Amino acid sequence: MKKSLFQSVGLFLFCALSGTTFAQVGINTGNPQATFHVDGARDNAATGTPTAAQQSNDVAVTSSGNLGIGTVAPTEKLDIVTGNARIRNINSNIGIGGTDRVVVADANGVLKTINFNAYSLFHARLTANQNANSSITTLLFGTPLSTSPYYSYNTTTGVLTFNQAGNYLITLQASFVNAPAGTQLLIGIRPVPDADYLGRGSHYNAVATSGSVGELMNYTTLLVIPTAGYQVRFTAAPNQNCTVLATETGSTGSGNVTSVTIQKI
């Protein structure tokens with residue numbers, strides 16, 4: 001009986017000292033703002049909502065199970081207002097490419113995962129064979145097989161828009177046919193509106209070509225994109241008329257030969 005009385009009195013004193021009811025528990029504060037609220041520096045006011053500076057040393061657990069560090073009103077299961085998170089003894093397991101995901105933070109600091117390979121990659125193939133002459137021809141690629149928020153591509157105009165500044169590795173591959181001997185095909189990257197080439201490569205054929213198997217060339221370069229919204233187009237410019245092939249068909253089979261691949265690095 002005496003022990004039960006002491007327990008009851010102790011519980012009453014704890015609630016009285018914390019200034020709360022059974023619905024909320026405060027430690028170092030008589031003004032708890034959540035189901036469980038610790039005022040680390042004991043600097044909160046006796047009434048009202050603590051200021052941001054006062055909350056910076058607080059820890060709170062809400063009725064919905066959200067844990068806040070530096071905030072008394074967490075909106076996520078773990079909500080850290082500022083500072084670093086650290087794992088002192090993280091495991092040494094090696095990630096698995098293609099299935100493991102990368103953790104990133106959105107503009108509000110909320111963590112989420114992405115498939116890094118798919119997220120940063122753009123790849124599109126030439127829609128159909130295109131005739132090219134001595135003028136600069138814009139290569140029209142089809143709906144991208146792989147893309148991400150980094151890029152927007154207009155299949156009608158052939159204009160690609162970079163939605164984020166940064167460094168991008170670009171590979172252009174092309175095959176050309178129906179070309180007289182001595183034809184030189186130049187493929188390149190030009191800004192919109194047109195100006196000097198940002199990157200270009202060329203291939204020369206010593207003999208005339210015809211049919212469905214052409215002269216294959218590829219070119220890789222690095223572009224430093226200065227601002228979001230920067231636009232480019234991919235072009236072909238031979239010194240004589242020719243056909244840029246979308247697909248080659250020969251004795252070994254058929255497949256796409258003209259394409260563009262971009263990787264943000």
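Treat the numbers as computed from the prediction; the structure is a model and nothing was measured.
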Quick one: salt bridge (Lys or Arg N to Asp or Glu O under 4.0 Å) partners of Lys77, sequence neighbours excluded?
-> none
Heavy-atom check, side chain of Ser152 versus side chain of Asn163, under 4.5 Å = yes
So Thr183 and Asn239, side chain to side chain contact (heavy atoms under 4.5 Å, CB included) or not? Walk me through it.
-> CA-CA 6 Å; Thr183 300; Asn239 61 349; 3.7 Å; yes
Hydrophobic cluster identity match, Leu172 and Val177, side-chain contacts under 4.5 Å = no
Less than 4.5 Å apart, any side-chain heavy atom of Ser202 and any of Leu185?
-> no
How many angstroms lie between CG in Leu139 and CD1 in Ile187, if you round to the nearest 0.5 Å?
-> 7.5 Å
Given the rule in the side chain to side chain contact (heavy atoms under 4.5 Å, CB included) test, do Gln173 and Leu216 qualify, once you have shown the distances and angles that lead to the verdict?
-> CA-CA 8 Å; Gln173 176 174 290; Leu216 182 66; 3.8 Å; yes
Rounded to the nearest 0.5 angstrom, the CG-CD distance for Asn154 and Gln231 is 9.0 Å
Looking just at side-chain N and O atoms, do Asn133 and Ser135 make a donor-acceptor pair shorter than 3.5 Å?
-> yes
same_hphob_cluster(Val244, Leu140) at 4.5 Å side-chain heavy-atom cutoff = no
Evaluate the side-chain proximity of Leu78 to Ile69: yes if any heavy-atom separation is below 4.5 Å, no if none is.
-> yes
State, without any angle test, whether Gln130 and Thr243 hold a side-chain donor-acceptor pair at a distance under 3.5 Å.
-> no
Heavy-atom distance under 4.5 Å between the side chains of Ile170 and Val260, does that happen here?
-> yes
Derivation of the side chain to side chain contact (heavy atoms under 4.5 Å, CB included) call for Phe162 and Tyr150 = CA-CA 6 Å; Phe162 292 92; Tyr150 290 142; over 6 Å; no
Hey, what do you get for CG (Asn44) to OG1 (Thr29), rounding to the nearest 0.5 Å?
-> 5.0 Å
Aromatic plane relationship, Tyr168 with Tyr151 - under 30° parallel, 30 to 60° tilted, over 60° perpendicular | perpendicular
Would you say Asn66's side chain and Gly68's backbone share a donor-acceptor pair under 3.5 angstrom?
-> no
Applying side chain to side chain donor-acceptor pair (under 3.5 Å), which residue pairs with at least one partner in residues 188-200 are found, sequence neighbours left out?
-> Asp194-Arg233
For Val61 and Ala34, work out which heavy atoms get closest and say how close.
-> O-CB, 3.4 Å
Shortest non-hydrogen contact from Thr249 to Ser254?
-> OG1-OG, 3.1 Å
Start with the C-alpha distance between Leu160 and Ile262, add both sets of side-chain angles, then the distance that settles side chain to side chain contact (heavy atoms under 4.5 Å, CB included), and finish with yes or no.
-> CA-CA 11 Å; Leu160 182 138; Ile262 309 175; 3.7 Å; yes
Should we count CG of Asn89 as having more than 12 external heavy atoms under 6.0 Å?
-> no
